[in-house]
Amino acid sequence: NPGLEPSVGVFIDGVYRPRAGAAINDLLSIERVEVIRGPQSTLFGRNTPAGVVSFITKEPEFEFGGDAELTVGNYGQFVAKGTITGPLTDTETLAFRLDATTHTNDGYLENVSPVGQIDQVNNRDRQNFRAQLMWLPTDRTEVRLIGDYGTIDENCCAAPFGYYDPIDQGAILALGGTALPADPFDERIAVNGLVNTQLDTSGVSLQVDHEF
């Protein structure tokens with residue numbers, strides 16, 4: 001349930017995501033993913049009785065560089081990803097990193113309900129942006145400022161029936177619903193309501209590390 005606090009805490013660069021749905025999006029510049037068995041309440045807080053999944057992204061670098069990736073597929077799929085990093089001063093004390101992703105494709109399930117509010121289901125429409133600034137005021141201190149924004153607006157998720165219980169099928173028909181053949185590969189569903197997923201996330205974090 002995306003509205004409940006999970007028993008496995010999800011952290012992105014040390015920042016807790018209080019809802020599981022807030023962790024759904026594309027991330028770039030991943031350095032590593034740590035899967036830690038729980039409970040981890042001492043280090044990560046009270047919402048980690050079963051453990052932690054921690055995503056660590058790459059820090060800004062003091063040498064210009066970047067990566068880009070473009071994917072085109074069937075069902076109108078279009079995926080573009082890019083990252084760029086480099087210094088902002090000549091003294092190697094200030095550096096930045098910018099990440100951006102977009103992922104769109106048409107739905108691959110047809111909604112045949114005569115009173116359906118949508119025609120296609122299981123599409124993709126999500127974007128994610130992330131900016132980092134790293135400052136090294138001394139040899140012992142590192143300051144890392146991160147800002148991120150993500151948006152999802154998709155008609156997801158649904159699947160064709162693979163089996164009907166006779167009583168349930170009778171109830172669907174008695175209530176005026178549409179019962180399609182029980183075929184998981186039919187690529188058709190009948191939904192008279194919305195299956196929309198809308199999610200906007202944004203945040204700013206500041207991390208200061210000092211070696212005493």
Side-chain angles (χ1 to χ4, degrees), residues 1-12 15-28 30 33 35 38 46-53 55 69-81 99-130 148-203:
N1 186 332
L4 297 180
E5 293 185 357
S7 57
V8 176
V10 176
F11 289 77
I12 300 178
V15 178
Y16 174 62
R17 298 299 175 105
R19 297 293 183 267
I24 300 174
N25 215 318
D26 298 326
L27 276 176
L28 277 180
I30 292 292
V33 179
V35 181
R46 67 181 180 86
N47 294 312
T48 57
V52 171
V53 178
F55 297 87
E69 178 182 316
L70 183 65
T71 303
V72 179
N74 58 345
Y75 295 103
Q77 184 185 45
F78 177 80
V79 183
K81 305 176 182 180
D99 297 330
T101 70
T102 180
H103 184 177
T104 59
N105 68 262
D106 302 329
Y108 57 87
L109 291 182
E110 179 186 2
N111 186 18
V112 299
S113 172
V115 292
Q117 301 182 45
I118 52 177
D119 297 326
Q120 290 183 315
V121 184
N122 290 11
N123 68 314
R124 283 289 179 271
D125 187 0
R126 55 182 62 180
Q127 291 78 40
N128 195 46
F129 308 94
R130 190 173 182 84
D148 66 89
Y149 173 76
T151 179
I152 297 176
D153 187 0
E154 303 171 346
N155 293 315
C156 180
C157 298
F161 275 99
Y163 169 77
Y164 282 108
D165 181 272
I167 297 178
D168 293 339
Q169 185 177 25
I172 291 174
L173 296 174
L175 293 171
T178 303
L180 296 172
D183 181 1
F185 304 103
D186 187 41
E187 297 186 356
R188 295 187 302 162
I189 63 167
V191 179
N192 62 355
L194 292 174
V195 290
N196 187 245
T197 298
Q198 289 184 325
L199 179 65
D200 293 318
T201 60
S202 60

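Partners of Q117 according to the side chain to side chain contact (heavy atoms under 4.5 Å, CB included) rule, which considers only residues two or more places apart in sequence or in another chain, are L194. Residues satisfying the side chain to side chain contact (heavy atoms under 4.5 Å, CB included) criterion with F129, sequence neighbours excluded, are A100, Q127, Y149. Remark: N123 engages no residue in a side chain to side chain donor-acceptor pair (under 3.5 Å) (not counting sequence neighbours). Contacts of P49 classified as side chain to side chain contact (heavy atoms under 4.5 Å, CB included), with partners at least two apart in sequence or in another chain: S7. Among residues two or more places apart in sequence or in another chain, the side chain to side chain donor-acceptor pair (under 3.5 Å) test is passed with R17 by none. Checked against side chain to side chain donor-acceptor pair (under 3.5 Å), N47 has the following partners two or more places apart in sequence or in another chain: Y16. Every residue two or more places apart in sequence or in another chain that forms a side chain to side chain contact (heavy atoms under 4.5 Å, CB included) with V79 is listed here: T71, Q77, K81, H103. Partners of Y108 according to the ring pair (Phe, Tyr, Trp, His ring centres under 6.0 Å) rule, which considers only residues two or more places apart in sequence or in another chain, do not exist here.
Sorted by first and then second residue, the salt bridge (Lys or Arg N to Asp or Glu O under 4.0 Å) pairs involving residues 188-203 (not counting sequence neighbours) are D186-R188.
The closest side-chain heavy-atom distance from L28 to R130 is not below 4.5 Å. Between L109 and E187 there is a side-chain heavy-atom pair separated by less than 4.5 Å.
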Only distances under 3.5 Å count here; give the side-chain donor-acceptor pairs of residues 161-180 to other protein atoms, sequence neighbours excluded, each with its distance to 0.1 Å.
residue: Y164; atom: OH; partner: L180; partner atom: N; Å: 3.1
residue: Y164; atom: OH; partner: L180; partner atom: O; Å: 3.0
residue: D165; atom: OD1; partner: I167; partner atom: N; Å: 3.0
residue: D165; atom: OD1; partner: D168; partner atom: N; Å: 3.4

